[in-house]
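To keep things clear, I will list the structure first and then write my remarks on it.
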Amino acid sequence: MRLSQLFVRTLRDDPAEAEMPSHRLLLRAGYVRQLGSGIYSLLPLGQRVAQRITQIIREEMDAIGGQELLMPVVHPADIWRESGRYDAVGPEMARFKDRGGRDMVLAMTHEEVVADLLRDVIRSYRQLPVQLYHFQTKFRDEPRSRGGLIRVREFTMKDAYSCDIDAAGLDVSYQAQYGAYARIFERIGLQTIAVSADVGMMGGTEAHEFMLLNPAGEDTLVLCDQCGYAANQQVAKVRRPKPLVEGLRDIEEVETPGTATIADLAAFLGIPASETAKAIFYMAEDGRLVTAIVRGDDEVNEAKLANAVAGGGLRPAREEEIRAAGMEPGYASPVGVHSTFVVVDELAAASTNLVAGANKPGYHLRNVNLDRDYVPDRITDIAIAREGDPCPNCGSPVILRNGIEVGNIFKLGTKYTEALGATYLGEDGVEHPIVMGSYGIGIGRNMACIVEAHHDEKGIIWPEAVAPYAAHLVAMGANRDARVTEIADALHAHSIVTGNEILYDDRDESPGVKLTDAELLGMPRILTVSPRSLAAGGIEVTDRATGERAIRSVDEVRDSLG
RNA sequence: CGGGGCGUAGCGUAGCUCGGUUCAACGCACGUGCUUUGGGAGCACGAGAUCGCCGGUUCGAAUCCGGCCGCCCCGACCA
């Protein structure tokens, strides 16, 4: 490809809106352009990278028996009503009516369509298992897009769906996907960590997310470098040492003016925050007011709490809702209150003689104890893991790191197949719902993550496997030696013939401009043809990653392009 | 949705406090010509902006006021 013909323009200055390296460089080097918030065009260079990533994923999906198909972006609302998600999913799903007034949606994901296909095609256990996948546009009207291609609203995703006769089959499919993911990320140059993850609104029993460590990552990971424990903070278990149990002392009211926060309360009473009980309130989707109790030095993990409540999503309760239940915000506790769903963290439950709210302004209670003073509905781990906590596996201190999710795998189970009636007739002559798994990789996000992991101050450094072109040929000083253009043209022509076309900077630009652009664009090798290189014996080959330069003969370079 | 910031030429910005013949400017990029050619070249000429939009105040608005829209960052949110 001749650079003089390529639809691209590189920018000398960083666009003001770009902060992350990948966003900055992809814009400056002309791989992408923004159309609106979270909506991007891939320019020809970007599209080539996307296609190379896509092809690698395709190969690995095929290698584990995946079958590629293509499902629509526009869905009738009906199948989303069948699964219950038409109402369960909020405004992030775009909805509209077609000309006939029928409700339609833009696909955020394709479980419903897969289940619909399964109920149409699958009759017998003999047709299972099967793994389906496609590359398709998703639209999710995110409340906030960010970080260039890291979090966008419209994007292409590889989503795969495994379909098995039972949980054991799902385990096999899940493991196959896990292995394929490891190979995919290895091949495209991303060092990832697979962490246990929350199943969230997808439902299901188990999930992993493949994470790229990155300071700008939106997820917090809890990692143990001793035993390899790795979990998203949303699900990371907390196993802190149990406190010493004291004898229960009598409850006692104490005046504590102006102590609506744990920090103020602990300071006022001169006790550590760990000797207090913190009450946080949420409304569950089913209308229950949830009281979460953690020790004063802990924070509530909302994902864990939501799973403990099992009443759908949670939102913070409003003050009037808390008062309506008989409690006083800032001085609240479940003591003497019976109308809320009380979830107590294990550590708080094991702690004795805590200070808790008295449910009147300016007063707390000393020596509050579980069971004696209030009745829990559930006792479970709802605290958020902290840096230095003992690893739930081996007890070594864990570390916290930010990560970007580059892929995920979910064991869905039968949620969608039951809802849509996708069943097979088993060997036992009985109808069973098909057991599904779901496996996603965002193409654009992966492209951005590769840049995050592979760049320097000069520009992008594409790994060979995903580079838009294997080499960037720069012709310089053509007017002083006719052989320069001759040789460069011939090399470029040769690369077309071999099917491994290189990028050829044939522009009438100064050497500085050409070399700077070559480094910005990031092909793995830069081939320089100039009177100087010819005098030295041929073509200068620069390794973009290491900066190493070597003179190679023209023949040698030509052969390397084959 | 809360908090903060920003919208002036393709990109980056100045001007805005203090309204008016340096108010529409500067650098880069762009076009033409000549020179230049191994690290973002030089000279000359040139094209390109109804200063995000609408309304108001005023003799006069990029500048002041109100409303709206868009974009970015933090948080909430995130199959």
Side-chain angles (χ1 to χ4, degrees), chain A residues 8-20 23-24 27-28 30 33-39 80 83-85 88-93 105 107-112 114 138-148 150-153 155 157 159 161 197-204 207 209 216-219 232 234 302-303 306 313-316 404-405 408-410 412 415-416 436 438-440 442 445 458-459 474-481 484 505 507-520 526 528-536 539-540 542 547 549:
Chain A
V8 72
R9 190 176 62 218
T10 59
L11 305 175
R12 222 176 248 206
D13 300 307
D14 286 334
E17 72 271 14
E19 298 208 343
M20 288 183 73
H23 191 194
R24 233 177 50 228
L27 279 173
R28 270 193 59 202
R33 280 290 115 101
Q34 182 172 16
L35 180 61
S37 182
I39 304 177
W80 287 78
S83 71
R85 287 159 112 190
V89 175
E92 65 263 31
M93 182 158 71
V105 310
M108 315 174 48
T109 174
H110 284 80
E111 283 79 12
E112 280 81 358
V114 170
K138 304 283 187 281
F139 185 81
R140 298 178 185 179
D141 197 357
E142 298 284 350
R144 187 182 152 216
S145 53
R146 72 185 93 189
I150 297 296
R151 183 167 207 83
V152 293
R153 297 194 295 171
F155 58 100
M157 177 182 257
D159 40 325
Y161 303 88
D198 189 33
V199 294
M201 281 192 63
M202 291 294 294
E209 293 165 339
E218 301 178 272
D219 289 281
N232 193 310
Q234 291 179 322
E302 291 186 22
L314 300 175
R315 64 161 174 82
I404 301 171
E405 181 187 343
N408 60 32
I409 55 179
F410 277 96
L412 290 180
K415 174 174 171 179
Y416 298 95
M436 279 176 67
S438 149
Y439 314 90
R445 180 183 287 187
K458 293 173 176 171
V474 178
M476 294 191 296
N479 60 334
R480 282 178 296 128
D481 189 336
V484 167
D505 191 347
R507 298 175 301 173
D508 183 22
E509 286 285 356
S510 73
V513 170
K514 291 186 170 193
L515 292 172
T516 308
D517 272 347
E519 284 157 344
L520 176 64
I526 300 169
T528 312
V529 188
S530 68
R532 198 165 95 184
S533 75
L534 293 176
I539 293 170
E540 186 182 80
T542 307
R549 300 176 181 199

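None of these values were measured; they are calculated from a predicted model.
Looking at heavy-atom distances under 4.0 Å, A:Arg549 makes contact with a base.
Taking a pair to require two hydrogen-bonding distances under 3.5 Å in either a Watson-Crick or a G-U wobble arrangement, B:C71 pairs with B:G5. Base pairing annotation: B:A62 forms no Watson-Crick or G-U wobble pair, as no partner gives both donor-acceptor distances under 3.5 Å. Summarising the base pairing, B:C77 is matched to no nucleotide, lacking a Watson-Crick or G-U wobble pair whose two defining distances lie under 3.5 Å. The partner of B:A44 is B:U32, by the rule that a Watson-Crick or G-U pair needs both atom distances under 3.5 Å. In this structure B:G27 sits in a base pair with B:C11, meeting the Watson-Crick or G-U test at under 3.5 Å.
In this structure, A:Met476 places its CE atom 12 Å from P of B:G40, rounding to the nearest Å. Atom CG in A:Asp198 sits about 10 Å away from atom P in B:C78, given to the nearest Å. If you measure from atom CD1 of A:Ile526 to atom C1' of B:G39, you get 12 Å, rounded to the nearest angstrom. At whole-Å resolution of the value, CG in A:Asp481 and P in B:G38 are 12 Å apart. The separation between A:Asp508 atom CG and B:U37 atom P is 12 Å, rounded to whole Å. One interatomic measurement links the two molecules: CG of A:Leu11 to P of B:A29, which rounds to 12 Å at whole-angstrom precision. Distance, A:Asp13 CG to B:C30 P: 13 Å, rounded to whole Å. One can place CG of A:Asp505 at 15 Å from P of B:G40, the figure rounded to the nearest angstrom.
Distance noted for atom C1' between B:A76 and B:C1: 7 Å (whole Å). As rounded to the nearest Å, B:C11 and B:A49 have P atoms that lie 13 Å from one another. Rounded to whole Å, the separation between the C1' atoms of B:G40 and B:G46 comes to 23 Å. Across B:G42 and B:G48, the matching P atoms stand 24 Å from one another, rounded to whole Å. A distance of about 15 Å separates the C1' atoms of B:C71 and B:C53, rounded to the whole Å. Here the separation of B:U63 from B:C18, taken at their C1' atoms, is 10 Å to the nearest Å. Across B:A29 and B:G12, the matching P atoms stand 15 Å from one another, rounded to whole Å. If you take atom C1' in B:U8 and the same atom in B:A24, they sit 9 Å apart, rounded to whole Å.
Side-chain atoms of A:Asp14 stay outside donor-acceptor range of the base of B:G12, with no qualifying N/O pair under 3.5 Å. With hydrogens and angles left out, the side chain of A:Glu540 and the base of B:G38 share a donor-acceptor pair within 3.5 Å. Contact of A:Ser530 with B:G38 (side chain to base): a donor-acceptor pair of N or O atoms is detected under 3.5 Å. Taking only distance into account, the side chain of A:Arg28 meets the base of B:G40 through a donor-acceptor pair shorter than 3.5 Å.
Checking the phosphate oxygens (OP1, OP2) of B:A41, a side-chain nitrogen or oxygen of A:Ser510 falls inside 4.0 Å. Taking only side-chain nitrogens and oxygens, A:Arg12 comes nearer than 4.0 Å to OP1 or OP2 of B:A29.
Using a 4.0 Å cut-off between charged side-chain N and carboxylate O, A:Glu540 and A:Arg532 make no salt bridge. A salt bridge is absent between A:Glu142 and A:Arg153: the closest approach of a Lys/Arg side-chain nitrogen to an acidic carboxylate oxygen does not fall below 4.0 angstrom. The pair A:Asp13-A:Arg28 does not meet the salt-bridge criterion, since no charged nitrogen lies less than 4.0 angstrom from a carboxylate oxygen. Salt bridge annotation for A:Arg85-A:Glu112: present, with a cationic side-chain nitrogen under 4.0 angstrom from a carboxylate oxygen.
A donor-acceptor contact closer than 3.5 angstrom links the side chains of A:Glu111 and A:Ser438. For the residue pair A:Thr528 / A:Ser533, no side-chain donor-acceptor distance below 3.5 Å is found, with atom types taken as modelled.
Residue A:Ala18 comes nearest to A:His23 through the heavy atom pair CA-ND1, 3.4 Å, listed as atom of the first residue, atom of the second, then distance. Heavy-atom minimum distance, A:Arg151 versus A:Arg144: CD-O, 3.7 Å.
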Restricting to nitrogen or oxygen on both sides, can you table the protein-nucleotides 72-77 of chain B pairs closer than 3.5 Å?
| residue | atom | partner | partner atom | Å |
| --- | --- | --- | --- | --- |
| B:C72 | OP1 | A:Gln34 | NE2 | 3.0 |
| B:C72 | OP2 | A:Ser37 | OG | 2.8 |
| B:C73 | OP1 | A:Gly147 | N | 3.1 |
| B:C74 | OP2 | A:Arg144 | NH2 | 2.2 |
| B:G75 | N7 | A:Arg144 | NH1 | 3.4 |
| B:C77 | OP1 | A:Glu302 | OE1 | 3.2 |
| B:C77 | N4 | A:Arg146 | NH2 | 3.4 |

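Each of A:Thr542 and A:Pro15 has a nearest nucleotide on RNA chain B; the 5'-most of these lies closest to A:Pro15. If you find the closest nucleotide of RNA chain B to A:Asn479 and to A:Leu520, the one lying nearer the 5' end belongs to A:Asn479.
Proximity of a side-chain donor or acceptor of A:Lys138 to a complementary backbone N or O of A:Ala107 within less than 3.5 Å is not detected.
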